[in-house]
Amino acid sequence: MTTEPSTPVAPPGPRERAVLDSAHVGDIKGAFGTIRQHDDGHRNLRSKALALLAIIGPGLIVMVGDNDAGGVATYSQAGQNYGTSLLWVLLLLVPVLIVNQEMVVRLGAVTGVGHARLIMERFGRFWGWFSVGDLFLLNFLTVVTEFIGVSLALGYFGVSKYVAVPIAAAGLIAITASGSFRFWERSMFVFVFMNLLVVPLFFMAKPHSGSIGHDLFVPGIQGGATSSAVLLIIAMVGTTVAPWQLFFQQSNIIDKRITPRWINYERLDTWIGAFIVVLGAGALICISAFAFGGTPYAGHFTDAGATASGLEHVLGSTAGAFFAVILLNASLIGAGALTLSTSYAFGDVFGTKSSLHRSFKEEQGFYLIFGALIAGAAAIVLIPGAPLGVITLAVQALAGVLLPSASMFLLLLCNDREVLGPWRNKPWLNALASVIVAVLVLLSLILMLTTLFPAIDVTKVALIGGAAMAVILIAFGLVALRSRKGAEAVTVIETTPQVPKEQWTMPPLALLARPEWSSGRKVAMLTLQGYLILSIALLIVKAVQLAGG
């Protein structure tokens, strides 16, 4: 008896992402190279380096963009008022940035869907609209502060804000509406490279390596843990970790056509960006600390424009000019990235085309949103008597209010089996991310409370909140451990061919099973909703009081 040889079963082929826009499929055309759409990713060391050059961009741009005008001012204030004693805060921010944005990398590459669209599909239309609405408001107000930075920077050179701000706004619109993703990315890299001016400025300040090394690894606060110092530490965290980063990088990864096979390259891009942004922030702290130490300027920070003038008096005109250019550069890249993240999010919610690969004629809605945000923010800065101080304060408080919801959704999405499949978070990453989210939520609450109630004892609130947060984390960990043990007792039989992890992508959204809403999840969402409504109402009341008095 003879038998026919069995026919070998071919392994499953690559799965393409179910992208919502055809412009998001094709060759990767980065600032420094091109990767063909069907490149299998197998390559030698030289070609790996070339691939990294083509991929690099979204992670580096989102990180450098986060050191915007507000960041330059915050880090300069830390150095001028507290010397190098707060450098240790930056070291702690490296893992925070890497963990948060690495989750975004996987969401973008695996799903092919923007952050706002995922929130709407997995948590309901209310949260989708809310996420875009709060992003729009926060980003718009933040872009106003970026144009304040533009006016201060060019004002140092004697340029009127009525000339500087419109030119900057027009330039950003022209760069973005070029219809070429590669041209836009190369333009952003010009701003990234301009940050290198901190290097000569750092050495002009004649830094002392001993104090830098000590304060980087030994926590301390010059003058003690006063309320002002604690608030500045919170501001340093808040200016480095912001909700818009999640929306921007996820959509920019999709727009650049990065797929799961290139995730490790994009992770490296993100890690490089995290270290560069922290090094740049540290340099700004050191510049102010060493330049103003022992002078009448020490401990008397006012704004970034005054810092440029102070550096001119202490170190010379070249130093002042360098700082003004750094401020201008930070303001422009911040305004461009922030506004683009809003345009991407609007495209997610309305289902419109949202890609830098298309020209203005092809995507008028996408570019009109971008242009309107830029023009509107620039116009506010030009209004005589506009409450710019209130706006700057509102940006800090609103970012604190909205960060908890953004962090919670990010963590839930990265544990969604339907969305990320084999790419979802590992248990150890969930534990680390939960701690990071808890700390960010606590810091955001403190910042929001101190904005609304300036007389509150910040140190006491931080101690009480930290203790409460530790108890909640321990309880959450015990519940998660118990649930995991129960899940391990269930045997799951796979009835479909196993897709290799590097080829697994999220199926079309319409085919996903609806997420189950447990009682705990419903309570958490209702609590978050109540917190947001109350906090935003209090913030509006506070803003009205400040504007009127």
Checking Leu420 now: which residues fulfil side-chain contact (heavy atoms from CB on, under 4.5 Å) with it, not counting sequence neighbours? Arg106, Leu107, Val110, Thr111, Cys414, Trp423, Arg424

Working for side-chain hydrogen bond (donor to acceptor under 3.5 Å, both in side chains), residues Thr142 and Asn139: CA-CA 5 Å; Thr142 308; Asn139 283 3; 5.2 Å; no

Considering all heavy atoms of both residues, which atom of Leu135 and which atom of Ser341 are nearest to each other, and what is their separation? CD2-O, 3.9 Å

For Asn195 and Asn67, test the side chains for any donor-to-acceptor distance below 3.5 angstrom and give the result as yes or no. no

Go through it in stages, so that I can follow the logic: the residues are Glu102 and Arg267, the test is salt bridge (charged side-chain N to carboxylate O under 4.0 Å, His left out), and I'd like the CA-CA distance, side-chain angles, deciding distance and then a yes or no. CA-CA 6 Å; Glu102 189 277 335; Arg267 281 172 172 156; 2.9 Å; yes

With Phe32, which residues qualify under ring pair (Phe, Tyr, Trp, His ring centres under 6.0 Å), at least two apart? Phe189

Looking only at atom types and distance, does a side-chain atom of Glu363 sit under 3.5 Å from a main-chain N or O of Ser355, one as donor and one as acceptor? yes

From Leu413, Leu118, Asp348, residue fulfilling side chain to side chain contact (heavy atoms under 4.5 Å, CB included) relative to Gln250: Leu118

How far does CD1 of Ile263 sit from OG1 of Thr270, to the nearest 0.5 angstrom? 10.5 Å

Counting distance only, does the side-chain N/O of Asp269 pair as donor-acceptor with the main-chain N or O of Leu60 below 3.5 Å? yes

Closest contact, heavy atoms only, Ser85 versus Asp215: N-OD2, 3.7 Å

Can you see which heavy atom on Pro260 is nearest to which on Glu502, and at what distance? CB-O, 3.6 Å

Please answer whether the main-chain N or O of Lys29 pairs with a side-chain N or O of Asp27 as donor and acceptor at a distance below 3.5 Å. no

Indicate yes or no for a side-chain donor-acceptor contact from Asp255 to the backbone of Leu356 under 3.5 Å, with no hydrogens or angles considered. yes

Fit a plane to each ring of His115 and Phe247, take the angle between them on a 0 to 90° scale, and name the class: parallel (under 30°), tilted (30 to 60°) or perpendicular (over 60°). perpendicular

Met120 vs Val132, side-chain contact (heavy atoms from CB on, under 4.5 Å): CA-CA, chis, key distance, verdict: CA-CA 10 Å; Met120 177 174 286; Val132 172; over 6 Å; no

Output yes when a side-chain donor or acceptor of His24 lies under 3.5 Å from a complementary backbone atom of Val113, and no otherwise. no

Of Phe350, Trp244, Phe366, which meets ring-ring contact (aromatic ring centres under 6.0 Å, His included) against Tyr344? Phe366

Under the criterion ring pair (Phe, Tyr, Trp, His ring centres under 6.0 Å), I'd like the reasoning laid out for Phe409 against Trp127: C-alpha separation, chi angles, the key distance, then a yes or no. CA-CA 10 Å; Phe409 286 134; Trp127 288 112; 5.4 Å; yes

